[in-house]
Structures are given as structure tokens and as C-alpha cells.
A.B. asks: 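This is the structure I want to talk about, given as C-alpha cells.
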Amino acid sequence: MVFLSRAQVVTALAAVLLVLVVLDLVRRRRLSEEYSLLWVVSTVIVAILGFSTPLLRALTHALGILYEASTVFFFGLGFATAMLLFLSLKLSRLGTEHLILTRELAFLRLEVERLRAAQGHPDRGNA
Amino acid sequence: MVEHDVLVIIPALDEEDSLPATLERVRRAAPWADLLVVDDGSEDATAELARARGVPVLRHAVNLGVGAALQTGFRYAVERGYAIGVQLDADGQHDPVELEALVDPVRQGRCDVTIGSRYITRTAYRTPRLRRLGMLLFSAVVWLAVRQRIADTTSGYRAYGRRAMEVCARDFPRDFPDAPLLIALARRGFGFLEVPVQMREREAGRSFYTFGKSLYYPYKNMLASLMALLRTPTDEERRP
């Protein structure tokens, strides 16, 4: 296997290590399968590019990039951007769901207070 | 539980110092209206003080933002069949004596939403300069977007008719219910009327608008105004 630089070796090995860490996190149920997908796909692609010099060269040439390492960073950055956008979307949705739940809780609480008051419950209105 | 057809919605965040006086004043000035306090995650005795005065309280377990608090109030009003909902600040800025002037145009069908405005006539209320500039800007934005001249887009003293409340209960800005809301409502066919009101300086407590928010505010409201203009209202959102 021919490597162009030490940086390529380091990047490729780091990508493999990251895949293993991500998979282990899924195994330990710290990371859900859903969130692991983009991580696994991106690190596997970076690892493939790192280990397969002919493919990396061809891709670098096709994209008109001058330096092979830049191609790896290009894909890495692309995936990082996609991940951040994905997380922002998830956060926005979580924010909306959080609002709905908080509101629902407020309505239920008032309803409980009213029912208690109607039954003459002694500790009505305690927050 | 519904005694009257007007609901005064008071969003409150840590307002234990001024809320009791505000509630008293509203009761005295508008015995023809019901009250609701939406406690937006206060850490003080805001909710207890309101409950102790027999005012129903919807309490958010965590802070969601002033817009979310109002929306909670609108949903309550719609579910309980109120014809008109008025938003009024807990901090004593809004004089309840003006409630009738705010409610009447909606009741008479002259508009869907009345806005208690500080700037139609000269009032005692003094605004910080930068904030004033922002208000002029968003006044212009609203005018450009929907050709309605609204001097006080940030006024938190407004009355909403039933249809407007139904729409607001479904879709409402979470943080600043100002220019983008007015644009969205105008796009859906709702009409406004500005009513001159006196406003006082806040009595106690802190404002919803902190320094950090004052930097975010122009960006958010500009973007949200543009989006309100670009969104085509669905049929059920439109005023019949």
C-alpha cells in the first residue's frame, strides 16, 4: 500500500479509530443508531480515501484539487457541516416538542388544581 | 368557569413585586373581564400570589419565552370560549383603565386586533433612543410588507378577537411577538387598529428584554418578518 504522506496515514487511522469509538458508543447505548449513521458513513468514507491512494488521486484530479490531503479534508468538512445542520434541525424540533410538553403540563396542572378545589381537597393550589 | 367573554392574559416572569398590584388594578378597572396569569417558569412566588387571589394560573415548568406564554393564554381563551383576549404586562406598565378602549373596537367589529400605542399621541412614556430607532425600523418593515401603518409594533398591550386568537393559538412567535406577528396576521386578512394609551415605567422586576436579546432581536425580527411575508397562509389560517 502506497501512502502519499504521513498525514494521510494519520487521517486514515484516526478515521478507523473513530468508527470503532462510534460503534462502541452504540453498543453501550450511549449513542442512538439514528445519530450514529452519519458518523459511520463519514468516517468510513474518510478511511477509504485515506487507505486507497489511487482512488484519492483520481478523485483529487476529478475535483480539480491540487493536493490530495485537501480532498480528505474537503469530505471531512462536508460531513461535519452536514452533521451540524442535522443537529440544528433536531434541536429546533426538540425545542418545539419541549414547548408543547411544557404547555400541556401547565394545562394539566391547572385542571388538577380545579378538580381538587371542586372536591374540597385540603391542599389545593400548592405549586 | 367562564364568567365573562373577555379574558385578560397576563404573562409573568418573576413578577412577585408588581403582580398583586396589577391584578388589583385590572379587577377594579375591568370587573367585566376574567383574568389569567401565565407564569413562564418564575422562580419566585408569582404563581402562588396569583392563585391566592383566585386568579387561574397556567404555569410553565421551565421558561419558554414571552411569546410562548401568550400563546398558552390564547389556547386557554380559545378552549374556554372567550370572545376577546387582551394581553397585558404584569409589571404595571399597562394601565388597565385603557382596557375598555382596547376591547371596544374589537367588540364592535371595527378590527380584529387593537394595539395600545404609545406614539399616536404624545404620552409621558419615554423610550431609550436605540429602542426607539428599532421601533421606527420595524414600523417601516411592517409598512413595506403589508402597507399598514403601525407606530408601536412592539406594544405588548393588545386585544385580539376570537378568530385572531384561534390563529395565534396555533402559530405564534416564541420570543418576540412583534412585527413578524403583525405581518403574519395581516397576510391572513386580519385588520388592526391602534389605540393611543398611556404607559408607565415598569414598577419592579426585570424586563423580558435583556442585553443579549437586544442584539439578537433585530436579526430575528428581520428574518421572521421576511418569512412571514414569504409564507402563504393556508385556507384555515385565513380570516373568513
Side-chain angles (χ1 to χ4, degrees), chain A residues 25-26 28-39 42 73-127, chain B residues 1-2 7 9-14 16 34-80 168-175 177 220 223-224 227:
Chain A
L25 284 171
V26 175
R28 288 190 285 140
R29 298 180 202 282
R30 298 267 302 276
L31 179 67
S32 71
E33 285 86 350
E34 183 193 4
Y35 286 96
S36 72
L37 178 70
L38 199 55
W39 281 111
S42 62
F73 286 122
F74 174 78
F75 278 94
L77 195 66
F79 282 120
T81 309
M83 195 67 187
L84 286 174
L85 185 63
F86 174 71
L87 287 178
S88 301
L89 281 172
K90 281 280 170 192
L91 261 182
S92 302
R93 215 182 77 191
L94 272 177
T96 308
E97 290 169 357
H98 165 254
L99 182 146
I100 290 167
L101 286 175
T102 306
R103 177 171 293 145
E104 210 57 48
L105 191 62
F107 274 90
L108 287 174
R109 195 165 174 165
L110 180 63
E111 209 50 50
V112 169
E113 279 164 17
R114 283 193 165 147
L115 287 171
R116 277 185 174 168
Q119 290 173 0
H121 202 281
D123 56 37
R124 119 198 134 82
N126 281 353
Chain B
M1 207 63 197
V2 176
L7 179 71
I9 302 163
I10 305 177
L13 175 62
D14 294 333
E16 63 179 6
D34 287 344
L35 280 167
L36 170 73
V37 167
V38 183
D39 177 0
D40 193 22
S42 298
E43 285 170 7
D44 65 3
T46 296
E48 289 77 11
L49 288 172
R51 283 194 196 106
R53 283 160 180 76
V55 176
V57 177
L58 282 168
R59 183 173 147 69
H60 292 166
V62 292
N63 179 253
L64 294 178
V66 60
L70 277 172
Q71 194 180 26
T72 297
F74 289 133
R75 182 177 138 188
Y76 177 94
V78 169
E79 281 181 2
R80 297 198 171 247
C168 289
R170 263 203 305 272
D171 180 24
F172 203 73
R174 184 167 172 168
D175 35 23
K220 200 263 145 151
L223 183 68
M227 293 304 156

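As the structure is a prediction and not an experimental result, all values here were calculated from the model. Letters A, B, ... mirror the listed sequences (proteins, then strands); counts begin at 1.
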A.B. asks: Enter the distance from A:L101:CG to B:L64:CG here, rounded to the nearest 0.5 Å.
C.D. replies: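 A:L101 atom CG to B:L64 atom CG measures 10.5 Å (nearest 0.5 Å).
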A.B. asks: Does A:R103 reach the side chain of B:L58, with side-chain heavy atoms less than 4.5 Å apart?
C.D. replies: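 Not touching, per the 4.5 Å side-chain cut-off.
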A.B. asks: Nearest 0.5 Å, what's the CZ-CG distance between B:R59 and A:L105?
C.D. replies: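 If I round to the nearest 0.5 Å, the distance is 9.5 Å.
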A.B. asks: For B:R75, which atoms come within 4.5 Å of any heavy atom of chain A: side chain, backbone, both, or neither?
C.D. replies: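 Both backbone and side chain.
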A.B. asks: A side-chain contact here means heavy atoms from C-beta on lying under 4.5 Å apart; do A:R114 and B:P56 qualify?
C.D. replies: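 Side chain of A:R114 against side chain of B:P56, heavy atoms only: contact under 4.5 Å found.
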A.B. asks: What distance do B:T72 atom OG1 and A:L110 atom CG have between them, rounded to the nearest 0.5 Å?
C.D. replies: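 CG of A:L110 is found 11.5 Å from OG1 of B:T72.
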A.B. asks: Search all heavy atoms of A:E113 against all heavy atoms of B:V57 and return the closest pair with its distance.
C.D. replies: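 So the minimum-distance heavy-atom pair works out to OE1-O, 4.5 Å.
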A.B. asks: For A:T96 and B:R174, work out which heavy atoms get closest and say how close.
C.D. replies: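 In this case the closest contact between A:T96 and B:R174 is N-NH1, 4.3 Å.
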A.B. asks: Answer yes or no: are there more than 12 heavy-atom neighbours, outside A:F73 itself, under 6.0 Å from its atom CZ?
C.D. replies: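 Atom CZ in A:F73 is not crowded, with 12 or fewer foreign heavy atoms closer than 6.0 Å.
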A.B. asks: Minimum heavy-atom separation for B:A61 to A:T102, with atom names?
C.D. replies: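 Looking at all heavy atoms of both residues, the shortest contact is N-CG2, 3.5 Å.
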A.B. asks: Would you find more than 12 non-hydrogen atoms of other residues, nucleotides or ligands less than 6.0 Å from A:F74 atom CZ?
C.D. replies: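 For A:F74, atom CZ is not crowded (no more than 12 foreign heavy atoms under 6.0 Å).
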A.B. asks: For the residue pair A:F107 and B:Y76, what are the closest heavy atoms and their distance?
C.D. replies: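 Smallest interatomic distance, heavy atoms only, reads CZ-N, 3.7 Å.
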A.B. asks: More than 12 non-hydrogen atoms from neighbouring residues, nucleotides or ligands closer than 6.0 Å to CD on A:E34, yes or no?
C.D. replies: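 Result for CD/A:E34: enclosed.
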A.B. asks: Is the CZ atom of A:R30 crowded by more than 12 outside heavy atoms at less than 6.0 Å?
C.D. replies: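 No.
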A.B. asks: Check whether B:E79 gets within reach of chain A through its side chain, its backbone, both or neither, counting any heavy atom under 4.5 Å.
C.D. replies: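 For B:E79, the side chain is the part near chain A, not the backbone.
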